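Report on the structure given below.
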Amino acid sequence: MDRRQFAGALALATAAGALARPAAAQDKKFTVALIPGLTTDAFYITMHKGAQAAADALGVELLFQGAPEFNPTLQVPVLQAMIARQPDALLIAPTDKQQLIAPLRQAHDAGIKVITVDTFIDDGKYQDGSGEGDFPLSYVASDNVMGGRMAARALAQAIGEKGKVYVSNVKPGISTTDQREQGFKEGMAEFANIEVLETQFNDNDANKASSQLQAVFARNQDLAGVFGANLFSAFGAADGVKAAGKTGEIKVVAFDTPTRIIDDLKGGAVDFAIAQHPAEIGFYGVVTAFAALTDQSVPTSIGTGFTVMDRDNIEKPEIQRFVYSD
Ligand code: T6T
């Protein structure tokens, strides 16, 4: 059992223990806030559902508020408004590793227990006594470096381990998508006949990602594949391949699995889709907050799972349950 699996197992045990509420917590109804990266993203909608399930089980009041775009300039005022409501704990997907450190410190200084979900601040190593962004209690998320490596293996397989590929990514400075790109490049380094072209940054805009795919294809008629490193990048990759008239020829690996990506998987524009388990992230985020609020010690890192979807397994119920809620 590695450290993250151990942390996950510990969280499960904590969840089970916490459900029998300690005497000190009987009278207090805790308020936990969840601030997503943005509100209109199936990934965070699904995370919210998981968080609500845990909140209902534990008798916690859950507040949910976010910005319409994945953007620190829009997220910080939402955070400040949430701090003013004085929740007991705050779960947040910070939209930038550096820019959210100071605003989140205000929450911490106000006595709110801070836990980051999906993304991290600073180096993501919390409570180790080093770094400006050391104060959150825990980080609940996918292992995004591993996710990037999984994407590399899937894309290498889809293109017969040779040819040109690139990463369609959001923008530098986001922990999750930075780590996926890192893992993808590390994974692709094992394939001598695969060339990874320059990353294209799309600002979480699927239309921009689609135009970029067509431009990369115009310059590289032998383009073999693309890794869409999050939901909007993957939408754009699939749309771009269709617009270029290359469905099924330029291979696409999508990170994130909203229903539209599943339609593209079935239709041939996407070859593999890597589902995160956002409901798990939300659930264990609330459980971790509850544990901290009832004086339990909490793991500083909790790793959640992945499910790889392809045309062969997509109809199976055990796979379907990880398609995101829209
Ligand atoms: O991929 C997810 C999330 O993990 C990432 O941090 C930002 O993009 C998504 O929300 C998908 O749009």
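Atoms within each ligand, like the ligands themselves, are counted from 1 in listed order. Model, not experiment: these values are computed from the prediction.
Between N204 and ligand 1, not a single N/O pair is under 3.5 Å apart. For ligand 1, the polar-atom distance check against T119 finds no nitrogen or oxygen pair separated by under 3.5 Å.
Summary of contacts: the protein heavy atom closest to atom 1 (O) of ligand 1 is D256 OD2, 2.6 Å. When hydrogens are left out, the protein atom nearest atom 3 (C) of ligand 1 is D118 OD2, 3.3 Å; that is the closest non-hydrogen contact. Protein heavy atom at the shortest distance from atom 10 (O) of ligand 1 is D41 OD2, 2.7 Å. The closest protein non-hydrogen atom to atom 8 (O) of ligand 1 is N230 ND2, 3.0 Å.
Using a 4.0 Å cut-off between heavy atoms, L231 contacts ligand 1 through both its backbone and its side chain. Within the 4.0 Å heavy-atom criterion, neither part of F255 lies near ligand 1.
In this structure, M47 falls outside the shell of residues with a heavy atom less than 4.0 angstrom from ligand 1.
Against a heavy-atom cut-off of under 4.0 Å, T176 is close to the following atoms of ligand 1: 5 (C), 6 (O). Close contacts between ligand 1 and F232 involve ligand atoms 12 (O) [criterion: under 4.0 Å to a heavy atom]. Heavy-atom proximity to R180, at under 4.0 Å, picks out these atoms of ligand 1: 1 (O), 3 (C), 4 (O), 5 (C).
Although no hydrogens or angles enter the test, the distance criterion places no donor-acceptor pair under 3.5 Å between the side chain of T257 and the main chain of V323. The backbone N or O of V270 lies less than 3.5 Å from a partner atom in the side chain of R311, making a donor-acceptor pair. Put simply, the side chain of E280 gets close to the backbone of G305: a donor and an acceptor are under 3.5 Å apart.
Classified by interplanar angle (parallel below 30°, tilted 30° to 60°, perpendicular above 60°), the ring pair F64/H48 is parallel. Aromatic ring pairs are classed by plane angle as parallel below 30°, tilted from 30° to 60° and perpendicular above 60°; the pair Y139 and Y126 is perpendicular.
Residues D123 and K97 are not paired through a salt bridge, judged by the lack of any N-O separation under 4.0 Å between the basic side chain and the carboxylate. Salt-bridge formation is detected for the pair R260/D239: a Lys NZ or Arg NE/NH1/NH2 atom is positioned less than 4.0 Å from an Asp or Glu carboxylate oxygen.
No more than 12 heavy atoms of other residues, nucleotides or ligands shown are found within 6.0 angstrom of CD on E132.
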